[in-house]
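Data first, discussion second: the structure below is written as structure tokens.
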Amino acid sequence: MNRLREARLDESGRARAWSPRPRTGLEPTRPTPAGRFPVAQLRLALAAPRPAAGLSSEWRLVDGVRTHTRRGADPGTGAPPVVLVHGLAVSHRYLTPLAVALAATHPVYVPDLPGFGLSERPRRAYDVARHAAHLAAWLATCRLPPACVLGHSFGAEVAAALAARHPDAVRALVLAGPTSDPAARSRHAQIGRWLVDTRHEAKAQAPILLRDLWDARPRRVAATLSHSVRNAVEADLVRITAPTLVVAGARDPIAPAEWRDQIARLVPHARTLIVPGAAHNVVTTAPTQVAAAVRGLLDPTPALRPETDEGETDALRQRGDSPTRRRPRLPADDPLLDSRFGGADRPAQPGVLTPTPPAQRRGPDRRGRG
């Protein structure tokens, strides 16, 4: 039936034409399968600095750089803040779907690193260490308590450096699609993998990338890529003490399985979540699944979880949880809650949080043994 032509009765009993309410673009949208990016999300991603979907923009002067942040209102749950750190050549824009997904339960902050998005452009591109120092100064300027820091792609390198060098500022750490794999640690190899990834990504993301490239300028992007492939991220990974989750799309060629496994061995008590159907931009095309994992990392009890929607139901089922029983997101033998590694002998499965046994880890322990 054509809903635009459907007739309804008014108060006098006469038929009147029915038309849908005009859409503002801010209505909650039904979760989409991982790997897709609806056009409605594109409008929200490009909205800044205008307020949209509960997010607003603010600027702070941090170490002499006018730094833009996209943030959500405090939901009043008492939950710790979540800080999202963007990757190479991009900005807060592509992280907007994840920010909206988390904003119902956590204060969310998405800063633009210096030179990217709506932040001021310093004369020279920052390397990983300087970005991490700027992020630490930004946290201090905002007077945030220890936060859950989620870094994606190049942002995962920055987040790892922050967690290693400023452990008191990081309550928990999420490394999503982390770079850069030692097997492809060159500009040519990284560009090649990115080109492969574009075949698996939702094409609707293209306007965001073009806008972000325009803001950052190609020269800065190339310089930052050089800093990334020269960064020995392993040195930071072994120093991380915060509970850590490694997230990636099952179709991600930039952070392949071998590299993810190596990270899980290097970071003490790290866990891994693989999202079926998603590629490198898992934080953009699977925000519901990633948000559910962040909530589970921060609080294994269901108190802070919003009502289970269709997307979260699928994620829970993939993990073996019952969406109707509303069980805690992390099992009772989770290494974050218990010193034992229960279930470590089970093979990793897509959508399942998997601990890495201590015997497989690399790097010295506290007693100095290799």
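Residue indices begin at 1 and follow the sequence shown. For the numbers below, each heavy atom of this structure counts, side chains included, while hydrogens, waters and symmetry mates do not.
Between D215 and R220 there is no salt bridge, since none of the side-chain N atoms of the basic residue sits less than 4.0 Å from a carboxylate O of the acidic one. A salt bridge is defined here as a Lys NZ or Arg NE, NH1 or NH2 lying under 4.0 Å from an Asp or Glu carboxylate O, and R251 with D197 fails to meet this definition. Looking at D181 and R193, a side-chain N of the basic residue comes within less than 4.0 Å of a carboxylate O on the acidic one, giving a salt bridge. Using a 4.0 Å cut-off between a side-chain N of Lys or Arg and a carboxylate O of Asp or Glu, R260 and E258 do not qualify as a salt bridge.
Note that CG of L88 is 11.0 Å distant from NE2 of H227, once rounded to the nearest 0.5 Å. With values rounded to the nearest 0.5 angstrom, R185 atom CZ is found 4.0 Å from S180 atom OG. Here the straight-line distance linking atom NE2 of H92 with atom CG of D212 works out to 7.5 Å at 0.5 Å rounding. Expressed to the nearest 0.5 Å, how far CD1 of I274 lies from CD of Q289 amounts to 13.0 Å.
R171 is listed as a side-chain neighbour of P80, based on a closest heavy-atom distance under 4.5 Å. Contact annotation: the side chain of S119 never approaches that of P114 to less than 4.5 Å [non-hydrogen atoms, C-beta and beyond]. Between V158 and L162 the shortest side-chain heavy-atom distance does not fall below 4.5 Å. The shortest distance between side-chain heavy atoms of L98 and T284 does not fall below 4.5 Å. Looking at L213 and V221, their side chains come closer than 4.5 Å, going by heavy atoms from C-beta outward. Proximity of E157 to P178: side-chain heavy atoms (C-beta onward) are nowhere separated by under 4.5 Å.
A tilted orientation is assigned to the rings of W59 and H68, their planes being inclined by 30° to 60°. Note on ring orientation: taking the six-membered ring where Trp is involved, the planes of H131 and F154 are perpendicular (angle over 60°, cut-offs 30° and 60°).
Inspection of the T105 and R295 side chains reveals an N or O donor paired with an N or O acceptor under 3.5 Å.
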- Message: Evaluate T244 against R271 for side-chain hydrogen bond (donor to acceptor under 3.5 Å, both in side chains), listing each step before the verdict.
- Response: CA-CA 6 Å; T244 301; R271 297 172 66 81; over 6 Å; no
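Other residues, nucleotides and ligands contribute over 12 non-hydrogen atoms within 6.0 Å of the CZ atom of R217.
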